[in-house]
Structure formats: C-alpha cells, structure tokens
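In what follows, chains carry the letters A, B, and so on, assigned in the order in which the sequence lines appear, proteins first and then strands, with residues in each chain numbered from 1. No hydrogens, no waters, no symmetry mates; every other heavy atom, side chains included, goes into these values. Here the structure is a predicted model, which means the values were calculated and not measured.
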Amino acid sequence: MRNAEVVKILQDIADLLELKGENQFKIRAYQRATRSIEHFPQSVEQLAKEGRLNDIPGVGEGIGKKLNELFSTGHLKYYEELRSQFPSGTSALLDVPGIGPKTAIKLSGELGISSLSELEEAIQEGKVASLYRLGDKIAQNIEHHLKLLRSKENRIPIGVALPVAENVISSLKSSPVINLTTAGSLRRFKETAGDIDILGTSDRCEEVLNTFAHLPEVKEILALGETKSSVIVAPDLQVDLRVVPHDSFGSSLQYFTGSKDHNIKLRERGRRQGLKLSEYGITELDSGITHKFTHEEDFYHWLGLSFIPPELREGQEEIELAAKSSLPHLLELSNIRGDFHVHTDWSDGQNSVEEMAVAAKDMGYEFITITDHSRGRGVAHGLDEERVLKQLERIREVEGRVGIHILSGIEVDIRADGNLDLPDSVLSKLDVVIASVHSSFSQDRDRMTKRMLSAVENSQVDILGHPSGRLLEEREEVALDFETLFSACKETKTVLEINCQPKRLDLKDSYIREAIKAGVKLSLGSDAHSISQLQYMHFGVGIARRGWCESKHVLNTLSFEEVRQWMKEKVCAPLSI
DNA sequence: GCCGTTTTCGGCCCGACTGTTTTCAGTCG
C-alpha cells in the first residue's frame, strides 16, 4: 500500500472524528500522524514489516496497531465503523473553507446534504441561509468558496508564489509600514504554498491594511480586520497580510512563520516552563509579565534555544537540537561556487555558451558546467557524438576568453532499458556526465530501480539528474527504491542532483535528508535554459536547507580543482547490491 | 491518541475574524 493511500485513510479518520465531536486532542493526534506520513520518505508498509512504525513521529501504540491491521488484512474495522456512522459525503463538506464539523453536521443532518453539488443546490434554494445561526452572508461565503475550490489549482509552486509575494510587498512600500517580509510556508521555503503570508509592522495598522485590501491587483476581499486582512489576487491566489506594532515584530514573525507543528511543540515546551508564547511575546504565567521581541533571534535565545532557521521549523527534532546548540550549519547561497547543470543553444537553451559563461562569471561563480541534452532528446536538438566533440572545442575556446572555469559536460538520457544515449568512448572525453530519465516514467518500481542502478554503475556517470522525475503539481515522481539507490550512489561515489528548477526541486527535501544520512554527496544544478534561469540556484539552496543540507554535503562549495579531482574518483567496481 | 528537562498519567497553543447574536459560536491558521 502506498503512503498516499495511508494518508487518505488517516485523514478521513481525523475528519470523521471531527464530525463526531471527538476529543480534539485525539483528532490532532491523527492529523499529526497524517502529516508525518505525508512527508515520510520511506514506505510505511515496509516500516511496518520491520516493526518500526514508532520511528514515525506521532505514530504510537494506537495508530500503529491500526496501521498493522490495515497492512495485514487490507481493511480497518475502526475506519469502517466510523464511516458507517455518517452519510457518505459528509466529510467531503469539510473541504470547503468556512465549513467546519458543526456546520457539516447541520447541513447533513437537517438538510440531508451529502455532496458538494447538493450543497450548491441547497444554497441556491435558500435552505442553507435559513438554518439556525447561519444566514445569507455565511451561505454566500460558502457558495463562494465552493466555486473557488472547483476552479482552483492545487497548491502553488514556490516559483509562482514568491514573485507574487514580492510584488505585493513592493506595492505596499509607499504605505506607513516597515519590516515587510514573507512568512508562513513561503518563508520556510516549502516547495508549494497554500496561500501567501506577508507580515509587516506599523503604528498605523488599519491604514496599511486598508491600502492592502484595495490594491489594484486585489480581486476580492475575504477579511479585513484590525491586524489582518485576507484577499484574493489574480489568478485566484489568497494573500494574507498581518500588521503588528513594531515592538512585537520578532514574536510575530516567529509565530506567523510556523509551521503549526513547530509552534505547538514550542508552546508546549514553554508551558512546561510556566510561559505563554504568542505573537505578542512571551508571558511569564506567575507574574503576568510579557516580554516583547523586536528580533526573532532574541525570541529563540530568550527561550534558551539557538536560532532555528525557518526551513527547519517543521516540528521534527529541531527544537531539541536547538536546546543543545546542535543544529546543523545550513548551506547558504553565498557558499555556492559554481553550477553543475546548464543548457545552451547547442540544444534547447536560449543563450550561447559564451553568454552563459559571462553571466555565471558576473554572478561571482568560479566555474560552470555546460550540460546540453544528448541526441535522444530529438525535440531538444540533443547532441550526437560529432557535435559533443565540436562543442568541447568551443567550450575550451570560450573558457580562455571569458575567464571562468568551464567544465565540459552532457545531460545524457538513460534509456528505458538502462543504457545510456551516448557511448562511453564519447562520455569519457567530458568532465561531467549527468545521466537523467526523460522517458518511460511509468515503469514499475523494479524496472525503474534497475534502470537507475545501471546508470549509477556506469563509470562514466558522475551525477544522476533530477532523480525522482517529478514535476510539481503535474507529474508524480517515478516508482523507485530510493534506499537502494542511495546506497548504490554512496558505494560508487555517484552524486545525486538537486535540480533547482522551481517546477522540479528534485530531489525533494525529505529525500535530500535521507540521502545525506546515507552518506551520498549532492550537487545543485540550476538546469538553466537561459541566463535569467541561472538564478534558480536560490530555489535549490532553499530546498537543500529544508533537507538539513550543510555546505560540506554539496559539491558546489568545492573549488574548481577539487571538483575535477572528485570527478576522477568515481568508483568503477561493479556493485555488490 | 501521543508523549515526557516534573510526568508512564495528565496534560495537550493561542488569538483573530466574521456573522449572528445581544454575549458568543464557529472557523481558521
């Protein structure tokens, strides 16, 4: 059973428990376990076989037992009993923002609504507005969210969300607000965002919020209060702005950055120390004294913690490590000395070798790697043997002229049968060989794993490109035994790419962390197809940081000479796996 | 249902906003 199916069932259980009005902490326990499994890099079923379910944070005796039942019998009695207590479709109502458990029960119980289309009908007939403690406004609000839900794409990739946030921030620059910054999942650099959170400080909060709610790009105002406002901007993105007094900027930024799990853990820890944490500061419960924080760092330090970078705030073990001053020193953009994955107009890029080299030099890089596609990518004008050699000459010539080290390379296709698209005799002439899957994505796990391993075993292959093959919100990752891949990479000194294209971000954060634990080296490649895309490096660094990546884990922080040395050390012995 | 810098039992984050009400319930993040 795939993790996604387990997630679906646990989420359903949490929803049903909400409808039932169960103990809120029990509900939260299921939600927490759900979130854990959602981001868990290994197969939960496999873990169950090894009796290691308790390795998953939030999975204890009760949920563990249920998962075991589910895996061994294919059914879960508890789940089936819960489902039988409510008309089917009732929990689907909870997907509509504005409908919580109480409203869902009311709609289902009093109006017999069990689907979103029935809900829509009932609203139009005025039945919903006539219920006790509901009314026209609430009915309209639900109808509106219902429409939005239907038209809305899923979550927004960070590559789309970040520019929107930056636009809004620059539109607000002329109003009396300072400290404007992104918060929420965007600041934590999550690969996708549900909405966009922005925070600022002002002594004229209401004025700022008013300006915000009436910006030209705002299509609709969802809420407008004294400290926060929510709006929809084109194309159907929700943006939340919170404006607080200057002296609570530190605590507010901490609070609004989240994640929810991180904040809950932090506050629970505070409670045990007799402290109440909120966006307004830290209150000592004994004396009632509230401490305010202008800087977020001071908030953490006051609690006896080292500063926790936003990318780590996911409620894993970051708080415990911060208490021991044992957090990793994360990779930073300024540590990057070169790019390992760049296309030019020799294949499907827009700029010449020289233009890319000049741009990279302007960014302060020591080296750049030209890795155009191989011939199999016909649509991308992939290079055949002859053109590879011609490009090599060109690269050497440009290198001398521009004054930046250029590694010659290729992004060679891994064909469906695991063979590479160019012979070893050609690949051996290049400094860096990236091998990538660009076809037959739907192979089963066994075949795909063998396919990848045969590339890894090839002594010419230095880097495995965008290993999971996913495209955010477009294409699922391939079926692959990552654990086996990681140990093969470690054994052969094959590097795994962190592809920085915001649509890919591949490897993703949880795999990055697993790969590092397995002792695999990583490389960041912008996969730039134009000069401006060289800047994608910062997306890769963000996602690497979420994978607890330090500068020693990635090749991009090495000098040019060190990189060349590394590439020579590829282990050629056949794998023992 | 989970979990431990006091705990294997007894806790479990905290406040804003809205609409429908005359003081609050429901929802959200």
Counting side-chain heavy atoms from C-beta on, which of [options] comes nearest to [X]?
| X | options | answer |
| --- | --- | --- |
| Lys26(A) | dG1(B), dT5(B), dC13(B) | dG1(B) |
| Ser278(A) | dG15(B), dC13(B), dT5(B) | dG15(B) |
| Thr103(A) | dG26(B), dC2(B), dA25(B) | dG26(B) |
| Arg272(A) | dT5(B), dA25(B), dG1(B) | dT5(B) |
| Ile138(A) | dT20(B), dC14(B), dC12(B) | dT20(B) |
| Glu61(A) | dT7(B), dC2(B), dA25(B) | dC2(B) |
| Phe25(A) | dC17(B), dG26(B), dC12(B) | dC12(B) |
| Ala223(A) | dC17(B), dC14(B), dT27(B) | dC17(B) |

Atom-to-atom span, [atom1] of [X] to [atom2] of [N] - whole angstrom:
| X | N | atom1 | atom2 | answer |
| --- | --- | --- | --- | --- |
| Glu279(A) | dC28(B) | CD | P | 18 Å |
| Phe299(A) | dC14(B) | CZ | C1' | 12 Å |
| Arg269(A) | dG11(B) | CZ | C1' | 18 Å |
| Leu131(A) | dT20(B) | CG | C1' | 13 Å |
| Leu209(A) | dC17(B) | CG | P | 8 Å |
| Ile264(A) | dG1(B) | CD1 | P | 18 Å |
| Asp197(A) | dG29(B) | CG | P | 9 Å |
| Leu134(A) | dG26(B) | CG | C1' | 10 Å |

Carboxylate-amine/guanidinium proximity below 4.0 Å for Glu514(A) and Lys517(A):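 Judged by the 4.0 Å cut-off on N to carboxylate O distance, Glu514(A) and Lys517(A) do form a salt bridge.
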
Is [X] close enough to [N] that one of its side-chain N or O atoms is under 4.0 Å from OP1 or OP2 there?
| X | N | value |
| --- | --- | --- |
| Lys276(A) | dG15(B) | yes |
| Tyr280(A) | dA16(B) | yes |
| Arg242(A) | dG29(B) | no |
| Lys102(A) | dG26(B) | yes |
| Lys66(A) | dG1(B) | yes |
| Ser230(A) | dC17(B) | no |
| Arg32(A) | dC12(B) | no |
| Arg271(A) | dC12(B) | yes |
| Thr227(A) | dC17(B) | yes |

[N] to [M] separation - [atom1] atoms, rounded to the nearest Å:
| N | M | atom1 | result |
| --- | --- | --- | --- |
| dC3(B) | dT8(B) | C1' | 9 Å |
| dT20(B) | dC28(B) | P | 16 Å |
| dG19(B) | dC12(B) | C1' | 30 Å |
| dC2(B) | dT7(B) | C1' | 14 Å |
| dA16(B) | dG11(B) | C1' | 26 Å |
| dA25(B) | dT21(B) | C1' | 10 Å |
| dG1(B) | dT18(B) | P | 37 Å |

Between Ser252(A) and Glu279(A) (side chain of the first, backbone of the second, donor and acceptor by atom type, cut-off under 3.5 Å), is there such a pair?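 Pair found, side chain donor or acceptor close to backbone of Glu279(A).
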
Over all strands shown, is [X] touching base, sugar-phosphate only, or nothing at heavy-atom distances under 4.0 angstrom?
| X | answer |
| --- | --- |
| Asn141(A) | nothing |
| Leu277(A) | sugar-phosphate |
| Gln24(A) | nothing |
| Leu224(A) | sugar-phosphate |
| Lys260(A) | base |
| Tyr30(A) | sugar-phosphate |

Crowded around Lys265(A) NZ? As in, over 12 foreign heavy atoms under 6.0 Å? yes

Side-chain donor-acceptor pair present, Tyr30(A), Gln11(A), cut-off under 3.5 Å: no

Side-chain donor-acceptor contact under 3.5 Å, Glu220(A) with His144(A): yes

Between Asn263(A) and Gly225(A), the residue closer to the 5' end of DNA chain B by nearest nucleotide is Asn263(A)

So which one's nearest nucleotide on DNA chain B is more toward 5', Glu268(A) or Lys228(A)?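 That would be Glu268(A).
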
Can you spot which of Glu314(A), Glu550(A), Glu318(A), Glu311(A) makes a salt bridge (Lys or Arg N to Asp or Glu O under 4.0 Å) with Arg545(A)? Glu311(A)

Does dT8(B) pair with anything, Watson-Crick or G-U wobble, both distances under 3.5 Å, and if so, with which nucleotide? none

Specify whether Phe189(A) and His538(A) have parallel, tilted or perpendicular ring planes, treating 30° as the upper limit for parallel and 60° as the lower limit for perpendicular. perpendicular

Name the orientation class of the two ring planes belonging to Trp302(A) and His291(A) (parallel below 30°, tilted from 30 to 60°, perpendicular beyond 60°).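 Judged by the thresholds at 30° and 60°, the geometry between Trp302(A) and His291(A) is tilted.
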
